[in-house]
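Values below: every heavy atom of this structure, side chains too, minus hydrogens, waters and symmetry copies.
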Amino acid sequence: MTTSVRSLNGGKTAAERIDSIFGSDIFSRVIMRQRLPKEVYRSLLRTIDRGEPLDPAVADVVAASMKDWAIENGATHYTHWFQPLTGLTAEKHDSLAAPDGSGGVVFNFSGSELVQGEPDASSFPSGGLRATFEARGYTAWDATSPAFLMRGDNNVTLCIPTAFVSWTGEALDTKIPLLRSVEALSRQALRILKIFGTDQGISRIVTTVGPEQEYFLIDRELFFKRPDLLTCERTLFGAKPPKGQQLEDHYFGTIPPRVLAFMAEAERELYRLGVPVKTRHNEVAPGQYEIAPLFEPSHIASDHQMLMMETLKRVAPRYGLQALLHEKPFAGVNGSGKHNNWSMSTDTGVNLLDPQDETHTNMQFLVFLCATIRAVDLHADLLRASIASAANDHRLGANEAPPAIISIFLGKMLGDILEQVEAGLPKRTIKGGVLDLGAKTLPMLPRHSGDRNRTSPFAFTGNKFEFRAVGSSASIAWPNTVLNTIVAESLDYIAGELEKSVGTKPTEAKLQLAVVSVLKQVIHQHKRVIFDGDNYSEEWHAEAERRGLPNLTDSVEAFAVLRAKKNAELFRKYGVLSQAELDSRTHIAIEKYVKQLGIEGETMVSMARNMILPAALQHQQRMAGAVAATKAAGVDAPDTTEALRSFVQLVTRLRNATSAVEEAGSHHDADSMRHAQQISRDLKPRMADLREVVDALEALVAADLWPLPTYRDLLFLK
């Protein structure tokens with residue numbers, strides 16, 4: 001993978017190169033160049049590439065061209081496609097056709113319809129930004145994200161990526177804060193480049209992201225037989241099967257034919273939508289897979305990530321499969337994450353986190369590296385809060401995902417250079433050398449100067465940072481908004497320190513001394529966040545506590561961070577979120593947590609009473625009949641009698657545990673945070689107790705009576 005926004009091949013994006021091979025359902029640069037007048041095309045590119053304000057005069061021309069292209073490809077409707085605070089996407093379809101007044105139709109699509117829409121905003125989560133009766137909201141065309149065609153069985157819709165804003169001007173979506181955060185980082189990063197004199201020809205900096213997506217596939221018929229999967233997308237009950245992932249034979253194994261056929265079709269649809277998918281493979285858990293794209297600017301990557309999740313869900317049923325994006329659909333095997341590979345790039349394609357060969361001499365890289373380290377240390381709690389959710393709580397900290405303690409892995413080479421900087425002027429870069437495999441027919445392999453650490457939540461992996469803690473069902477927009485903002489703050493700080501030290505006309509020697517001095521201070525103050533060892537170990541948890549690193553073990557603790565004054569001031573200072581916008585997101589996150597666990601609790605009670613208990617009573621009846629028949633035959637069978645007694649006690653536990661979950665779930669508090677705390681404290685432990693009882697019953701009840709497909713069926717029927 002490469003973090004360059006543009007390839008060296010004629011300046012085309014990766015998506016455009018894919019378009020030329022597989023066909024295109026996106027209104028790409030190639031199509032715009034063919035259809036738009038030259039001046040309109042150039043004006044639009046200035047907005048897309050340089051971040052210049054959109055010229056209103058081009059809107060009508062672009063709209064007419066986009067309409068003609070869409071109609072030629074079968075489109076009958078258009079929609080402003082946006083990402084409200086539900087964590088999903090939203091769309092309202094309007095017809096491209098209208099009566100012409102003479103008994104016929106005319107296809108119209110004006111510049112004003114392209115630029116602005118007006119969906120009803122009253123039913124979307126606003127977190128208190130808007131009252132229910134205050135319904136007006138607007139969608140605004142995001143010209144930097146390509147319009148695309150969404151094809152159904154008998155329909156084609158032109159989808160226009162947009163931002164979603166309240167009538168009062170406050171952001172009601174995930175895109176606006178993300179775009180603001182990119183601009184904030186760009187402003188500060190350009191100051192750094194100016195200090196080094198490397199800003200010539202560069203107008204803006206973008207953050208680039210390549211998000212890996214893990215997911216499960218199960219047989220669709222079995223999916224509909226599990227009310228918990230249907231309602232909650234995770235199994236609330238399920239005994240551990242004899243074979244799980246202990247043999248590690250699924251990882252990178254041969255992809256099953258039905259799964260591979262699904263993957264190929266999903267990839268083809270994604271290619272046509274301009275999503276540059278690159279990798280597919282079996283993941284660690286049985287039934288688990290991964291798809292990963294090339295790097296793109298973070299707001300495009302966020303749009304494409306939403307399309308990817310929707311496409312996986314939409315295509316899977318064609319092959320009798322159901323795609324599960326939940327972070328922990330099955331207990332006892334690995335859950336699913338979304339590794340957020342993040343970097344910074346100039347609009348000319350230079351990756352600012354590329355160490356290059358002689359890294360110890362690359363002072364500009366070291367500045368961007370240390371700014372990121374400082375940001376993660378200062379705002380580890382906020383970064384943790386950005387990936388908090390009820391679903392992700394099941395995954396974080398297990399031996400499958402990074403712990404809730406945010407730390408950074410750098411590797412041997414970078415760690416050595418930072419030690420040199422802290423001691424003085426760095427003088428060497430550790431080389432990786434080559435690996436001799438001992439067979440003449442095999443090549444000599446270049447060896448990286450540092451290993452990788454899959455247990456680290458925030459690991460440097462060659463020319464980017466991999467934020468491994470993002471949940472598989474989450475939008476990447478919010479974690480990247482936070483990441484961009486905290487790095488912008490650190491770049492602002494370092495730029496200010498350097499500007500004070502070097503003045504307006506720095507010499508090379510003066511600049512080097514100033515950089516080393518500032519970085520020495522940053523490393524000394526923030527090296528506590530660097531850890532290259534085993535993040536799963538108990539020793540690290542003790543060491544992290546000694547270092548003073550925050551350990552927010554569940555989402556309820558993490559949500560409280562969003563209310564901290566320092567974080568509100570951070571977002572306000574860099575123009576990313578107002579106090580009201582941050583408060584709304586905090587409220588929505590807490591409310592979603594409460595509702596999700598409430599739904600899970602009610603689903604458990606329903607399944608326990610209507611499915612598990614009847615099956616258990618039938619099995620109990622069979623056992624009682626066997627005991628009675630044995631005694632009637634004059635045979636003394638104390639073991640059989642004791643087994644019946646134990647089973648009856650287990651059924652009693654089932655009734656009691658079910659009532660306990662119901663009672664804990666019936667509590668309500670007008671204060672959403674107190675309600676979330678009550679759920680975390682009372683409901684979750686009782687749900688765990690009920691699951692323990694049901695899973696024990698599954699191991700005892702006759703297979704013909706058990707009402708649910710088992711883990712063996714769900715994980716291994718491919």
Side-chain angles (χ1 to χ4, degrees), residues 1 87 209-218 223 229 232-235 244-245 248-256 259-260 262-263 266-267 270 275-295 301-302 304-316 321-342 387 389-403 452-459 461 464 466-477 479-480 536 711 714-716 718:
M1 292 186 182
V209 177
E212 305 166 29
Q213 174 73 60
E214 296 174 342
Y215 61 98
F216 280 84
L217 290 173
I218 62 171
F223 170 79
L229 283 175
C232 310
E233 210 178 69
R234 82 176 182 98
T235 52
Q245 64 186 54
E248 300 173 336
D249 53 342
H250 187 70
Y251 191 52
F252 277 28
T254 302
I255 301 173
V259 173
L260 186 57
F262 151 76
M263 286 179 169
E267 287 172 356
L270 289 168
V275 183
V277 288
K278 173 71 172 176
T279 303
R280 65 189 182 204
H281 63 83
N282 289 5
E283 253 300 331
V284 173
Q288 187 184 35
Y289 307 92
E290 181 179 295
I291 182 171
L294 294 169
F295 282 71
S302 179
H304 283 171
Q305 177 61 207
M306 302 305 291
L307 281 175
M308 180 183 289
M309 291 193 289
E310 292 174 0
T311 300
L312 293 175
K313 288 277 195 180
R314 188 178 67 252
V315 174
L321 298 167
Q322 183 70 29
L324 302 178
L325 300 178
H326 193 282
E327 282 74 5
K328 194 72 172 179
F330 303 102
V333 297
N334 277 15
S336 296
K338 185 175 292 177
H339 300 170
N340 190 85
N341 296 284
W342 176 92
I387 48 89
S389 70
N392 216 15
D393 278 352
H394 294 289
R395 171 179 163 265
L396 291 182
N399 283 349
E400 60 183 85
R452 296 182 67 182
N453 188 336
R454 67 178 299 273
T455 72
S456 176
F458 202 83
T461 55
K464 62 188 184 299
E466 183 180 22
F467 187 22
R468 296 175 53 89
V470 182
S472 54
S473 67
S475 163
I476 64 170
N480 282 289
Y536 294 160
Y711 271 24
L714 294 167
L715 292 173
F716 292 99
K718 301 175 182 179

Does a donor on one side chain and an acceptor on the other come within less than 3.5 Å for N334 and Q245?
yes
dist Q322:CD -> E233:CD (nearest 0.5 Å) comes out at 7.0 Å
(Q) So does G335 get a backbone contact from the side chain of E327, meaning a donor-acceptor N/O pair under 3.5 Å? (A) no
### Task
Check for a donor-acceptor pair, side chain of S302 on one end and backbone N or O of I476 on the other, with a separation under 3.5 Å.
no
> Within the side chain of K338, is there an N or O that forms a donor-acceptor pair under 3.5 Å with the backbone of A469?
Replying inline: no
**Message:** Any side-chain to backbone donor/acceptor pair from E248 onto V284? Under 3.5 Å, distance only.
**Reply:** no
Practice task
Return yes if a side-chain donor-acceptor contact under 3.5 Å exists between H339 and E466, otherwise no.
Solution key: yes
Interatomic distance, CZ@R234 vs CZ@F216, rounded to 0.5 Å, equals 13.0 Å
Q: Measure from the side-chain N and O atoms of N340 to the backbone N and O of F467, and report whether any donor-acceptor pair falls under 3.5 Å.
A: no
- prompt: Is it true that a side-chain atom of E214 and a backbone atom of G337 form a donor plus acceptor pair closer than 3.5 Å?
  reply: yes
Going by atom types alone, do S475 and Q305 pair a side-chain donor with an acceptor below 3.5 Å?
no
CD (E267) and OG1 (T279) are apart, to the nearest 0.5 Å, by 9.0 Å
Shortest non-hydrogen pair, G244 vs V333, comes out as CA-CG1, 4.4 Å
Over 60° means perpendicular and under 30° means parallel, so tell me whether H281 and Y251 are parallel, tilted or perpendicular. perpendicular
S473 side chain vs H326 backbone, donor-acceptor pair below 3.5 Å: no
Check: Q288 main-chain N/O paired with H250 side-chain donor or acceptor under 3.5 Å: yes
I291 and L312 have their tightest heavy-atom pair at CG2-CD1, 4.3 Å
Y289 side chain reached by P256 side chain, heavy atoms, under 4.5 Å:
yes
